[in-house]
Asker: 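Just passing along the structure, written as structure tokens.
Numbers restart at 1 for each chain; the letters A, B, ... are given by sequence-line order, proteins then strands.
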Amino acid sequence: MKPRIGIFGLSGCWGEQIVILNCEDQLLDLVGALDIVDFLGGSSVNDEEGPLDIAFVEGSVANGREEKTLRRIRERAGLLVACGSCACFGGVAAMDADHPRDEVIRMVYGENGPKAGWDIGTHRPLSDFVKVNFALPGCPIEKSEFVRAAASLLNGDLPQLPAFPVCLECKMSENDCLLISRGLPCAGPVTTAGCGARCPGYNVACIGCRGPVDESNVASIARILTQKGVSELDVRRKLRTFAAPAIDRNLQGEKA
Amino acid sequence: MTRTITIDHLARVEGHGGIQVLLEGEEVRTVDFEIFEGIRLLEGLVRGRSAEDATGIVSRICAICSHGHSITSLHALENALGVEVTPQTRKLRDLAFQGANIESHALHFFVLALPDFLGHPGVVSLAGTNPDAVKLALRLKKLGNTIQEVIGGRAVHPVNYVIGGFGKVPAADELVGLKKLLSGGLDDCGAALEILSGIEVPSFVSEPIRCAALIPKDKAFFFGDTVQVSDGDWYKRLPVRQYRSLTNEYCVPHSHAKRSVYEGRSYLVGALARLTINGGTILGLARQAWERLHLDLPSTNIVMNNIAQVVEMTFSVERAMELVDELLDTGLVPEAPLPYSVRACQGAAATEVPRGILFYSYELDARGRVAAADVITPTAQNLTHAEDQMKAAVRQGARAGASDDVLRHRLEIVARAYDPCISCSVHVIRS
């Protein structure tokens, strides 16, 4: 029997589902090997109740409705895979900037919004609510990592992801170091690899979209960036863009 | 006696939305296109970030339109900072827009909408009976993505777009590679036309459509500084910097997305609106597609927006080929991004992304940080128009005796005709 798969999106930009659909060369093989039974983004007929071998979930949890949806998916799924940085870390919407949330809401919707009855919460990663068996980071996830991860999971293995920073991939590509030689504020030293150091390859500093790598020292890179002349406030904002809750824990860990 | 027709969770659209209709006999009391995607407040979160950081954040409003968001954001920032990009940069950005248009229309038409026309619940079952159509769609989608990857560095959330140009200008051999793919793409557009010229487009609603689109300044079909609103013979033009008088955003209780009306009436943006207003310049294979697929404009059938997407997809393949040839003829120069100096300033820009006009404006403070940002997406503009068309579809159907199940299915077809991008519409939530 083919494995039963569900693909779900909570609050986010739909990026992971788009990346999955962008695996044009593998898509028909994937569809042949899997029984995709619940994928509202792709089909209007879905089995919304039955058990799932694997559930791929993108997006963050932003309200009660989404929390309920996630818990229900967890009950049905053998393995739950958090796809993308919103699901893994809360994503860009979890930044919360430095302004109180009410103020941000007024800023965006004006004095007349939000209307009564809106379910508005902060954006949180899936692991705040349920057990996540595997986390595939990235904003968005990498096509090749998704296909490899799906293949591993289908064969009963947990996939291996890089446990080293973007910096290492950048060195292996023999890129000129943007941080050292050009003084650009690069998050590569503390960000999980797997993207092939894409941004530095385009002469653009890493913005940390894959979240902090294990055992990274965020406080140290923050100090280095301040020494390069970026203000403390700007450094903090830059580093918190995609994984604010995890970055904050990392920074607090150093203080403790 | 009143009754309701409810669609809890709309399938085959990007994001989370539902529809609720209240009927009294054959009369439609209300139609609510409900948007319950979580609010992400990105316009608010970008405040305080430096101008160079802003684009990488707002890109996350939407995956499928991420190139459109990034480039429109840059146009607004450059407008504010007084940066005038080089002709090469403008052409490469134009090329990225063609790639995005090919990818987005191929995905929406073949994967999300065509199943409705052929009686399938989704593309997986469509692949069982029409494998050639699905394979061809995947090839076109991949072509659009490859163009976006070559110019922007990544198909979803590009990395190579910066204020004043590119991190790295693509190499000539990459464009030569695109040329080969584009010539395959032209063959696929021709084959698509063969497959599609036999299909019947659902036609159950007839309601006049007020359209809005940017007027192209030159051959860049998706770039312009002036918006035209057209309604039959009546039309009005306004400069992009006055866009708020067009969009007039307001909030409604049943939606996390803000709404727009112009002079009391809703309007359509997107492929059908663009071709209605600017279609006269479309020639070549796209013109043949237009004629063979019986696109009569102005149309009163909103479902024809799907066909307009097929015509535009073909146009974009042809236009991309033209741009690649021009860029290769001139020779690509590895230009560095243009420099700029920060100061307190403001600027606005608009482009035509696959689903319609996308407006951006920024206000920067003296240190070059974002003091205010405003983003108005096509789907947010289309929501009120979609409700008006749904109302017409239900009213006309109910009078002709259609069952609630039939009406429910028609509501879904109308909703999908807009190719709504709900994640986008709430982006900002302005929802």
Asker: Does any backbone or side-chain atom of A:S85 lie under 4.5 Å from a heavy atom of chain B? Answer side chain, backbone, both or neither.
Answerer: neither

Asker: Give, as side chain, backbone, both or neither, the part of B:V134 having an atom under 4.5 angstrom from any heavy atom of chain A.
Answerer: side chain

Asker: Using non-hydrogen atoms only, which part of B:E149 is less than 4.5 Å away from chain A: side chain, backbone, both, or neither?
Answerer: both

Asker: Please classify the contact between B:V156 and chain A as side chain, backbone, both or neither, with a heavy-atom cut-off of under 4.5 Å.
Answerer: both

Asker: Thinking salt bridges, do B:R408 and B:E412 make one under a 4.0 Å N-O criterion?
Answerer: no

Asker: Heavy-atom distance under 4.5 Å to chain B: side chain of A:V204, backbone, both or neither?
Answerer: side chain

Asker: Flag the one option from A:G59, A:C139, A:G15 with the top tally of heavy-atom pairs under 4.5 Å to chain B.
Answerer: A:C139

Asker: Which answer fits A:F242, side chain, backbone, both or neither, if we ask what part of it has an atom under 4.5 Å from a heavy atom of chain B?
Answerer: side chain

Asker: Is any NZ, NE, NH1 or NH2 atom of the basic residue among A:E142 and A:R198 found under 4.0 Å from an Asp or Glu carboxylate oxygen of the other?
Answerer: yes

Asker: Compute the ring centroids of A:F56 and A:F146, then answer whether they are less than 6.0 Å apart.
Answerer: yes

Asker: Between A:D38 and A:R76, does at least one N-O distance fall below 4.0 Å, as a salt bridge requires?
Answerer: yes

Asker: Mind ranking B:L126, B:N160, B:V162 by heavy-atom pairs under 4.5 Å with chain A and telling me who comes out on top?
Answerer: B:N160

Asker: Any salt bridge between A:R4 and A:D47, counting N to O under 4.0 Å?
Answerer: yes

Asker: Measure A:V45 against the heavy atoms of chain B and call it side chain, backbone, both or neither at under 4.5 Å.
Answerer: both

Asker: For chain B, which candidate among A:L27, A:V31, A:V19, A:T241 shows the most heavy-atom pairs at distances under 4.5 Å?
Answerer: A:T241

Asker: Looking at B:R369, B:R154, B:K168, which has the largest count of heavy-atom pairs under 4.5 Å with chain A?
Answerer: B:R154

Asker: Is there side-chain contact between B:I64 and A:W14, with at least one heavy-atom pair below 4.5 Å?
Answerer: no

Asker: Can you find a pair of side-chain heavy atoms, one from A:I5 and one from A:D35, that are under 4.5 Å apart?
Answerer: no

Asker: Which atoms of A:K143 come close to chain B, meaning under 4.5 Å heavy atom to heavy atom: side chain ones, backbone ones, both, or neither?
Answerer: side chain

Asker: Please step through side-chain contact (heavy atoms from CB on, under 4.5 Å) for the pair B:H69 and B:Y360, ending with a clear verdict.
Answerer: CA-CA 9 Å; B:H69 276 283; B:Y360 260 80; 2.9 Å; yes

Asker: Would you confirm whether the ring centroid of B:Y161 sits within less than 6.0 angstrom of the ring centroid of B:H67?
Answerer: yes

Asker: Counting heavy-atom pairs under 4.5 Å with chain B, which one of A:I207, A:V61, A:D25, A:I36 comes out on top?
Answerer: A:D25

Asker: Using non-hydrogen atoms and a 4.5 Å limit, figure out which bit of B:R139 sits close to chain A: side chain, backbone, both or neither.
Answerer: neither

Asker: Identify which part of A:N46 has an atom lying under 4.5 Å from any heavy atom of chain B, answering side chain, backbone, both or neither.
Answerer: neither

Asker: When only pairs under 4.5 Å are counted, which of A:E24, A:Q17, A:E16 shares the most heavy-atom pairs with chain B?
Answerer: A:E24

Asker: Return yes when atom NZ of B:K135 has more than 12 non-hydrogen atoms of other residues, nucleotides or ligands closer than 6.0 Å, and no otherwise.
Answerer: no

